[in-house]
Chemist: 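Sending over a structure as structure tokens; questions will come in a sec.
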Amino acid sequence: MLLLRSARVVSPPDQLDAICDLRVVDGRVAEIGVDLPAGDSKVIDCRGRAVLPAFVDLVAELPDPGMSWREDLRSGSLAAAAGGFATVLVSPVNDPVLDQGALAQGLVQRGRGAPGARLLMAGALTMGLDGAELAEIGSLLDEGCVAISDGGRATKDLSILRNALEYARPFGAPVLLRPGIPALESRGCMHEGAVSMQIGLRGIPAASEEVGLAAIIALLRLTGGRVHISHLSTERSVTLLSQARAEGLSITASVAARSLVLTDEQVSLSGYSSATRLLPPLRPESDRRALCRALADGLLDCVSSDHQPWTRVEKEVEFERCEPGAVGFESAFAATLTALEGDLPLVARVLACRPAQILGREVGIRVGAPADLVVVDPNVQRPVGPPRYSRGVNEPLRGQALRGRVELTIVDGVVRHSLTDRPTTR
Amino acid sequence: MKRKDMLGLRDSTAEEIGLILDTAARFRSVSERRIKKVPTLRGRTIVTAFFEDSTRTRLSFDVAAKRLSADTLGFSASSSSTKKGETLMDTARNLDAMKPDAIVIRHPCAGAPHMLAQAFPWSVLNAGDGINEHPSQALLDMLTMRDHLGSLAGRTVAIVGDVYHSRVARSNLYGLPKVGARVLLAGPGTMCRPQMARPGVELLHRVDDVLAEADVIMMLRIQRERLAPGMMSTSREYARFYGLDLERLERARPEVLVMHPGPINRGVEMSPDVADGDRSVILEQVTNGVAVRMALMYLLLGGEPLPPGGDDAAAS
């Protein structure tokens, strides 16, 4: 039994935003009130702190099995818990790719038993994520996967994408897609614009994402079904998304937390740091501001960690030769809180409530609800350090002074991360 | 000069550019003597690390270092351990263990010299990184222009051709406006893009558009190996709109200078009679290249600005 004392408890679905005490018993919220008696509960003083529904991440890579030196389910789960996440949807970018029902069973079980955040599995859309043949979408979902994903590879062949959407529709699970046209991205390694021209790097035009998104929307209109855009990064993409929603299509989207803070200038400022090589790339300031605005207006649904760990071996190479991607679990909350100017109810909505709803999970802080909770200090401001739990070293936010810190992550009533202790294991 | 490295002209000042050019002009006399050597960098070690093929630039740096009495050693990608899968950083760690004073690097990736400059204490001279910068080439271009035009302030330099893929052009685009020159760009739409225009840099289209105003016409090499499909049509079509031949040159100012960073595709960007004609200063560029590289090594390795006066001041 835990008693969180004198916290600002914020839960938008319950219209709750008040200083109160919160008792957790047997994995559920048992009592919310003022001056609750301690009784047998372990009391945690939360003065000056806020309690939010724990975060839910829809876009993260933990390449286990296959490349577990980069991150395995254990280190990834602990890093996620340290970032305030109770639930992570893992992209199918492992080796072998999670594209057959028989591969899912063991992985789903390992994910449930992970020591930090609970890990849910997304199955692959196509065999080997090659975009050529359909994966065993039905079997993957039957064996416990909760979504289907293109693993961040934009699908080249639109007829395959069309068929995949048709095929997935009756199974009902969301299909995660990254919008992009591979031919427009082939040699690019950062956003194409004034900065790429200045520093002599070949660019990826925003048009790649926007053409890809327009294609996905047109196909979704044709096929029906549910699509979640895993990586949305430009202002015009927000416009396309809101038009699609206005006509009633079932389409939602995530933006990576770091894209709310950093711009393409960072590639230049960091002196070609390979940590700033990302896909989609960091965009200009006008896009960054538009993304923050879209979250506040509800046009954009979720903020993701877009956690993609690489070790020193893979990232200590020339910018043009390194793999795109960055770690994100441990910095996502501070990046989001900073970008959204300390608006905790908004942060709870975009990091916890919307992504949970997209996965069909119960979310909120009310008596009887599962106790997935995060305790944060919203006022501390400090520079981002290297990741503490992740094996990845590629943190483009490193050194940025961001606001907010995760202090405690509770999953099903159990403390899985505490700033002061090592996380407890089952 | 108060900097450790020469990575590009983007972050250089007009004063630094002036100092390098003045110093280079003084060093030029060393190459005119019978004994072409001064003891200035005796005992210093300079490594030339070329991860991309080069003849002219590599020889130019090499001879510059030798004329300053530095010990030089070099390797190229084809003979080095990079072929065996060693990373750039590991190669550099090994070089570092041999205690060099400076490294001259050419690399197919933009930012590779910057990566070394951040990680190691020795000076890094960028001899061309990807499509980013090639500062010593732009400096030797400026020295050549200055020889003929005096001050570059108020002068007009046309850069014609594949500006997008040209590190020479990119360095000139940074350097020339800093010393007060105006730059006109011409070339195919795929190679000259609107984002390149800024104060002091104007975007035009055909070679004919720049002839009347240019004091200098710098023709760029078409690097077919860098071009993605669809970036240009035939060589014949290229020559028709963007090539420089004698008939066009007659419509330029009579005292116009014709430059080219080499190697030339004769008959594509430039006809042979222009390349070898009396307005061409292409071989002077090569001579000045040695002097500019001597000046860069001298200044980066702690040399004081040379006092005004006799040509042999550098020898002391």
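Basis for what follows: all heavy atoms, side chains included, without hydrogens, waters or symmetry-related copies. These numbers were taken from a predicted model, which means no experiment stands behind them. Quick note on labels: first sequence line is chain A, next is B, and so on, each numbered from 1.
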Chemist: Might you confirm whether atom CD of Q381(A) has over 12 heavy atoms from other residues, nucleotides or ligands at distances under 6.0 Å?
Modeler: yes
Chemist: List the steps, then state whether side chain to side chain contact (heavy atoms under 4.5 Å, CB included) holds for V393(A) with W310(A).
Modeler: CA-CA 6 Å; V393(A) 297; W310(A) 295 99; 6.0 Å; no
Chemist: If you count heavy-atom pairs within less than 4.5 Å of chain A, which of A112(B), G8(B), G130(B), P108(B) leads?
Modeler: P108(B)
Chemist: G200(A), S273(A), C189(A), G271(A): which one forms the most heavy-atom pairs within less than 4.5 Å of chain B?
Modeler: G200(A)
Chemist: Hey, what's the ring geometry for F319(A) with Y272(A), parallel, tilted or perpendicular (30° and 60° as the breaks)?
Modeler: perpendicular
Chemist: Mind jotting down which residue pairs meet the ring pair (Phe, Tyr, Trp, His ring centres under 6.0 Å) criterion with at least one end in residues 180-206 of chain B? Sequence neighbours excluded, please.
Modeler: H205(B)-Y242(B)
Chemist: Applying a heavy-atom distance below 4.5 Å, give me the residues of residues 118-127 of chain B that approach chain A, sorted by number.
Modeler: Q118(B)
Chemist: Could you list all the ring pair (Phe, Tyr, Trp, His ring centres under 6.0 Å) pairs where at least one residue sits in residues 158-183 of chain B, not counting sequence neighbours?
Modeler: none
Chemist: Mind jotting down which residue pairs meet the salt bridge (Lys or Arg N to Asp or Glu O under 4.0 Å) criterion with at least one end in residues 161-178 of chain B? Sequence neighbours excluded, please.
Modeler: E52(B)-R167(B)
Chemist: What part of R193(B) gets within 4.5 angstrom of chain A, counting heavy atoms only: side chain, backbone, both, or neither?
Modeler: side chain
Chemist: Does one side chain, of Q198(A) or S268(A), offer a donor that lies under 3.5 Å from an acceptor on the other?
Modeler: no
Chemist: Is it the side chain or the backbone of S270(A) that comes within 4.5 Å of chain B heavy atoms, both, or neither?
Modeler: backbone
Chemist: Measure from NZ or CZ of R391(A) to the centre of the six-membered ring of W69(A) and say whether it is under 6.0 Å with the direction within 45° of the ring axis.
Modeler: no
